[in-house]
There are 2 protein chains.
Amino acid sequence: MTVEIICVGTELLLGNIINTNAAYLAEQCAGLGLSCYYQSVVGDNRSRLMETVKTAIGRSDIILMSGGLGPTQDDLTKETVAEVLSIPLVADEHSRQRIAHYFEKRGMHITDNNWKQAQVPEGCLVLDNENGTAPGMIVEVGGHHIVMMPGPPGELRPMFENSVRPYLQEFTPGVIFSQTVKICGVSESLVETKIEDLIAGQENPTIAPYARLGEVHLRVTAKAADEKEAKKLIKPIVRELKARFGGDVYSTDADTTLEKSVVDLLLAANLTVATAESCTGGMLASRLINVAGISESYKSGYVTYSNKAKRRLLGVKKTTLTKYGAVSEKVAGEMARGAALFTKADVTVAITGIAGPDGGTKEKPVGLVYIACQVCGKLMIKEYLFSGGRAKIRESATACALTQLRRCLLEYCGSRTFGKEKN
Amino acid sequence: MTVEIICVGTELLLGNIINTNAAYLAEQCAGLGLSCYYQSVVGDNRSRLMETVKTAIGRSDIILMSGGLGPTQDDLTKETVAEVLSIPLVADEHSRQRIAHYFEKRGMHITDNNWKQAQVPEGCLVLDNENGTAPGMIVEVGGHHIVMMPGPPGELRPMFENSVRPYLQEFTPGVIFSQTVKICGVSESLVETKIEDLIAGQENPTIAPYARLGEVHLRVTAKAADEKEAKKLIKPIVRELKARFGGDVYSTDADTTLEKSVVDLLLAANLTVATAESCTGGMLASRLINVAGISESYKSGYVTYSNKAKRRLLGVKKTTLTKYGAVSEKVAGEMARGAALFTKADVTVAITGIAGPDGGTKEKPVGLVYIACQVCGKLMIKEYLFSGGRAKIRESATACALTQLRRCLLEYCGSRTFGKEKN
């Protein structure tokens with residue numbers, strides 16, 4: 001079975017947004033072992049959309065479409081597909097109710113054009129949209145399978161996960177199975193150098209590195225008759241990668257984020273945590289709190305952007321601020337200690353730095369950040385220099401804070417396991 | 001003249017990389033006033049590439065191609081184009097010398113397959129590659145213009161800037177100029193309903209709505225001989241949109257985010273701000289602090305995820321927590337008042353809610369969020385119900401907090417302007 005991807009949207013043709021849906025869907029198809037030979041982008045234009053759909057039907061078995069399912073007049077994906085296949089659009093009661101409920105829940109007024117989203121090609125398979133009002137649809141005709149999904153990635157991805165992938169699974173020849181080895185705190189080039197020999201001449205399984213902010217993910221993929229066999233092929237490679245990167249591997253589980261791996265360590269060691277942030281301004285707290293279950297461990301967090309706040313909320317000494325400056329090892333340390341003192345948390349993380357664009361000097365350039373982690377009284381402070389704009393510097397600092405905290409926790413747990421006394 | 005974009009590369013079909021070239025080229029074409037109706041991606045496969053090129057020639061005047069110009073055997077863009085147009089490939093002496101020079105400069109040995117890159121379709125226009133060995137090419141035949149550029153963005157973009165844009169300029173009817181009217185706190189369908197009459201039968205300028213989290217952006221685009229004339233066409237439409245959406249329009253400036261518009265109001269009114277967050281856990285503070293210059297206004301922020309923290313850091317009453325629960329109008333109010341009391345900030349925002357996936361009940365479902373804004377003693381509390389996963393609920397709550405804060409600030413400034421006494 002061959003797949004073709006069609007993304008609908010004038011904003012794509014105008015280059016206003018980057019087509020991440022195409023990359024996501026293509027990656028998913030590859031993962032399913034389905035061959036994708038064509039991707040295309042077409043605007044919200046009836047005749048050109050018709051031509052594109054016809055061409056796709058003429059050369060591909062499965063057509064994945066994204067976008068053009070909204071309530072507005074220029075959304076015409078399903079209308080056009082229905083026209084090409086000469087299938088009438090009918091009202092889907094189930095979708096009507098979901099839309100009504102969606103607006104009720106928000107106490108919002110339903111405008112007439114919303115009901116347009118409850119119209120579906122007769123006899124199609126309707127896919128619920130957990131994150132919006134536009135349902136997805138699968139039309140099966142003459143051995144072709146046309147899948148229509150909403151354009152916003154936040155709606156498309158969950159719908160693909162929950163409904164489309166299971167549907168496509170039936171059509172896959174054998175399986176392609178992947179496992180991702182997630183590494184933090186090691187540069188992409190260093191990771192690649194360390195696995196050069198494994199990548200050279202690899203066939204099945206294959207190893208593909210993907211760089212993420214502050215992380216590198218190594219995707220190990222095997223093709224086999226069934227999942228059991230594929231897993232058997234993958235296992236030794238994953239073991240080898242774990243051996244080479246040791247403690248820098250934070251997870252091999254697809255759903256585990258770096259923050260989740262940190263929270264898991266905190267909960268396992270029964271440690272409470274508090275955060276004190278200056279330049280990252282709550283970004284670290286926000287990432288930690290995105291992990292459900294953190295409530296067991298998270299005590300509280302401070303956003304102390306100004307010197308006054310650092311003094312008042314964390315007890316940073318005025319003399320330290322004047323002598324060393326707000327962005328210094330000393331201040332980071334006092335922030336972490338202060339947070340521990342005031343919150344009684346076992347673990348505290350403090351971040352202070354210069355996110356820019358202004359405020360940099362020759363001695364203290366934009367991007368200079370100090371991160372202090374204190375675990376049960378043991379303090380570790382590191383200096384970093386990040387590049388990029390204000391947002392990227394703040395995101396990098398947050399990622400490195402999680403990595404540094406993770407290392408401190410592993411060390412603490414390790415020392416504890418070996419019965420050492422923590423200083 | 002119509003343009004079509006063809007990106008060649010198996011890595012795009014596998015979803016290993018995101019197609020930023022397509023977005024870049026599309027945006028450039030729009031800026032030049034050239035209409036682009038199709039984008040496609042095809043792998044390094046002779047027959048499928050031929051089919052794609054033939055289709056493009058059949059419907060577009062200018063074809064911009066990226067990728068497949070490398071030295072390896074599976075790079076066959078120019079070979080295929082030459083075959084489709086039955087033009088022979090010939091050695092280009094100028095390119096041979098550049099390639100030789102490129103390797104010399106780096107003291108690298110030239111492998112035979114590198115000379116493949118000096119082969120070009122006879123009579124084509126050769127475009128120097130300042131950042132690599134593969135030259136670009138423009139083939140003109142039968143009123144069609146086929147532009148071939150290397151795939152790496154670091155090579156493609158400079159080549160487009162230096163050679164392709166000047167070449168395309170000849171064919172441009174004028175310029176396309178856009179301005180975006182950014183609206184917050186109004187649903188996409190309601191926005192659409194309010195401007196139905198403007199969109200119906202629109203030609204030049206056009207209005208296109210783009211939904212963002214908690215926002216809708218209306219992009220007004222005009223085609224004209226020059227930018228001055230285009231701006232003249234856009235002005236009345238933007239004025240009309242501002243009139244229809246009034247205070248819900250937070251900006252018409254491309255670089256102004258919702259948080260920046262809020263920070264601008266704070267600074268203009270010389271007001272200090274503090275945040276108190278439960279379920280959003282620092283996300284609101286983080287968005288505010290992403291605005292450079294916030295330091296003038298931001299006092300401090302609290303992440304009070306636990307009841308204990310709400311009581312200890314914000315002085316929320318134990319009885320209020322037990323009687324109404326942590327997720328309640330009352331607690332949100334006490335959080336905002338407490339933050340004002342402890343920080344002396346003129347403005348405080350408090351958020352408390354259930355982000356899920358657990359913790360929801362029939363009376364208080366997952367997604368229920370209370371947001372309290374206090375501006376100079378005047379408190380406004382609103383109830384929201386958001387859908388989606390934990391992350392989306394937290395992001396929606398943060399976006400709505402910014403919108404609510406913005407409205408309170410406008411009201412305060414308005415009342416102040418009219419010399420009213422604030423209660």
Side-chain angles (χ1 to χ4, degrees), chain A residues 10-20 22-27 30 36-43 48 70-73 102 105-106 108 111 113-114 130-131 152 154 208 275 280-283 285-286 289-290 292 295 298-306 309 313 357-358 390-391 394, chain B residues 12-20 22-27 30 36-43 45 48 187-190 192-193 199 208-211 219 275 280-283 285-286 288-290 292 295 298-306 309 313 357-358 385 387-388 390-392 394:
Chain A
T10 305
E11 66 275 31
L12 290 167
L13 285 181
L14 287 174
N16 298 340
I17 60 172
I18 291 172
N19 194 353
T20 54
Y24 169 79
L25 293 171
E27 196 170 24
C36 175
Y37 294 137
Y38 300 96
Q39 289 173 12
S40 46
V41 173
V42 61
R48 287 188 285 271
T72 70
Q73 288 170 7
Y102 184 94
K105 247 175 80 180
R106 289 163 182 67
M108 283 160 62
T111 53
N113 51 7
N114 285 112
E130 304 299 340
N131 303 285
T275 54
T280 52
M283 200 182 276
S286 184
I289 286 171
N290 208 41
S295 49
Y298 194 82
K299 280 248 180 181
S300 56
Y302 301 90
V303 179
T304 55
Y305 196 61
S306 65
L313 297 179
D358 311 319
R390 184 174 176 89
R394 297 176 64 232
Chain B
L12 289 167
L13 285 181
L14 289 175
N16 298 341
I17 60 171
I18 291 171
N19 194 353
T20 53
Y24 170 78
L25 293 171
E27 198 163 29
C36 175
Y37 295 137
Y38 300 96
Q39 289 174 12
S40 46
V41 172
V42 60
N45 171 283
R48 286 189 286 270
S187 77
E188 184 186 13
S189 49
L190 182 55
E192 167 73 12
T193 313
I199 284 185
Y210 301 112
R219 190 182 180 102
T275 53
T280 52
M283 201 181 275
S286 183
L288 287 171
I289 285 172
N290 207 40
S295 48
Y298 194 82
K299 279 246 177 181
S300 57
Y302 300 91
V303 179
T304 55
Y305 195 61
S306 66
L313 297 179
D358 311 321
L385 189 56
S387 65
R390 184 175 175 88
K392 183 152 184 280
R394 298 175 63 233

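All chains are named by letter (A, B, ...) in the order of the sequence lines, taking the proteins before the strands, and each is independently numbered beginning at 1. Below, all heavy atoms of this structure are taken into account, side chains as well, without hydrogens, waters or symmetry copies.
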Asker: Could you check which of B:Leu288, B:Thr193, B:Leu190 has the highest count of heavy-atom pairs closer than 4.5 Å to chain A?
Answerer: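 When all of B:Leu288, B:Thr193, B:Leu190 are compared, B:Thr193 has the most.
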
Asker: Identify which of A:Asn113, A:Thr275, A:Val42, A:Asn114 forms the greatest number of heavy-atom pairs closer than 4.5 Å to chain B.
Answerer: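 Highest number of heavy-atom pairs under 4.5 Å: A:Asn113.
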
Asker: At a 4.5 Å cut-off on heavy atoms, which part of B:Ile17 comes close to chain A: side chain, backbone, both, or neither?
Answerer: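 Only the backbone of B:Ile17 comes within 4.5 Å of chain A.
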
Asker: Picking from B:Gly388, B:Gly281, B:Ala23, which has the most non-hydrogen pairs under 4.5 angstrom with chain A?
Answerer: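 Answer, by heavy-atom pair count under 4.5 Å with chain A: B:Gly281.
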
Asker: Of the listed residues (B:Asn45, B:Leu14, B:Leu25, B:Asn19), which shares the most heavy-atom pairs with chain A below a 4.5 Å separation?
Answerer: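 Sorted descending by pairs with chain A, the first entry is B:Leu14.
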
Asker: Most heavy-atom pairs under 4.5 angstrom with chain A, which of B:Leu385, B:Val303, B:Ile199?
Answerer: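 Greatest number of close heavy-atom pairs with chain A: B:Val303.
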
Asker: Measuring heavy-atom distances to chain A, does B:Arg48 have an atom under 4.5 Å in its side chain, in its backbone, in both, or in neither?
Answerer: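 Both backbone and side chain.
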
Asker: Determine the minimum heavy-atom distance between B:Glu188 and A:Thr72, stating which atoms define it.
Answerer: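 Shortest heavy-atom contact: OE2-CG2, 4.1 Å.
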
Asker: Output the option from A:Thr304, A:Asp358, A:Leu313 having the highest count of non-hydrogen pairs under 4.5 Å with chain B.
Answerer: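 Highest number of pairs under 4.5 Å: A:Leu313.
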
Asker: Using a 4.5 angstrom heavy-atom cutoff, name the option from A:Tyr37, A:Tyr302, A:Tyr102 with the most pairs to chain B.
Answerer: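 Looking at each of A:Tyr37, A:Tyr302, A:Tyr102 in turn, A:Tyr37 comes out on top.
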
Asker: Would you mind checking which part of B:Thr280 comes under 4.5 Å of any heavy atom in chain A, side chain (CB onward), backbone (N, CA, C, O), both or neither?
Answerer: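 Interface part for B:Thr280: backbone (N, CA, C, O).
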
Asker: Heavy-atom distances under 4.5 Å only: say whether B:Ala22 touches chain A with side chain, backbone, both or neither.
Answerer: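 The answer is neither part of B:Ala22.
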
Asker: On a heavy-atom basis, which atom in B:Glu192 and which in A:Gln73 lie closest, and how many Å separate them?
Answerer: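 So the minimum-distance heavy-atom pair works out to OE2-N, 3.7 Å.
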
Asker: Just so I know, are the side chains of A:Gln39 and B:Gln39 near enough to count as touching, which here means a heavy-atom distance under 4.5 Å?
Answerer: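 No, too far: nothing below the 4.5 Å cut-off.
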
Asker: Looking only at non-hydrogen atoms, find the nearest pair between B:Asn290 and A:Arg394 and report the distance.
Answerer: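 Taking B:Asn290 first and A:Arg394 second, the nearest heavy atoms are OD1-NH1, 2.7 Å.
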
Asker: Please report the interatomic distance CE(A:Met283) to CD1(B:Ile289), rounded to the nearest 0.5 Å.
Answerer: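 Answer rounded to 0.5 Å: 9.5 Å.
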
Asker: Testing the basics here: between A:Ala309 and B:Lys299, what is the closest heavy-atom pair and its distance to 0.1 Å?
Answerer: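 Smallest heavy-atom distance, with atoms named: CB-O, 3.5 Å.
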
Asker: Any idea which of B:Pro357, B:Ser187, B:Ser286 has the most non-hydrogen atom pairs under 4.5 angstrom with chain A?
Answerer: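 The residue among B:Pro357, B:Ser187, B:Ser286 with the greatest pair count is B:Ser286.
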
Asker: Can you say whether B:Ala292 sits under 4.5 Å from chain A via the side chain, the backbone, both, or neither, judging by heavy atoms?
Answerer: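 When you check distances to chain A, atoms from both the backbone and side chain of B:Ala292 fall under 4.5 Å.
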
Asker: Identify which of B:Ser387, B:Ala208, B:Pro209 forms the greatest number of heavy-atom pairs closer than 4.5 Å to chain A.
Answerer: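 Of the options given, most contacts go to B:Ser387.
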
Asker: Quick one: of A:Thr20, A:Ile18, A:Asn16, who has the most non-hydrogen atom pairs under 4.5 Å with chain B?
Answerer: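 The residue among A:Thr20, A:Ile18, A:Asn16 with the greatest pair count is A:Asn16.
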
Asker: Write down the atom of B:Leu13, the atom of A:Ala26, and the distance for their closest heavy-atom approach.
Answerer: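 Between these two residues, the closest heavy atoms are O-CB, 3.1 Å.
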
Asker: I'd like to check B:Ser306 versus A:Tyr298 (side-chain heavy atoms, cut-off strictly below 4.5 Å). Are they in contact?
Answerer: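 Not touching, per the 4.5 Å side-chain cut-off.
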
Asker: Please identify, among A:Gly301, A:Ser40, A:Ala30, A:Pro71, the residue contributing the most non-hydrogen atom pairs under 4.5 Å to chain B.
Answerer: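 Sorted descending by pairs with chain B, the first entry is A:Gly301.
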
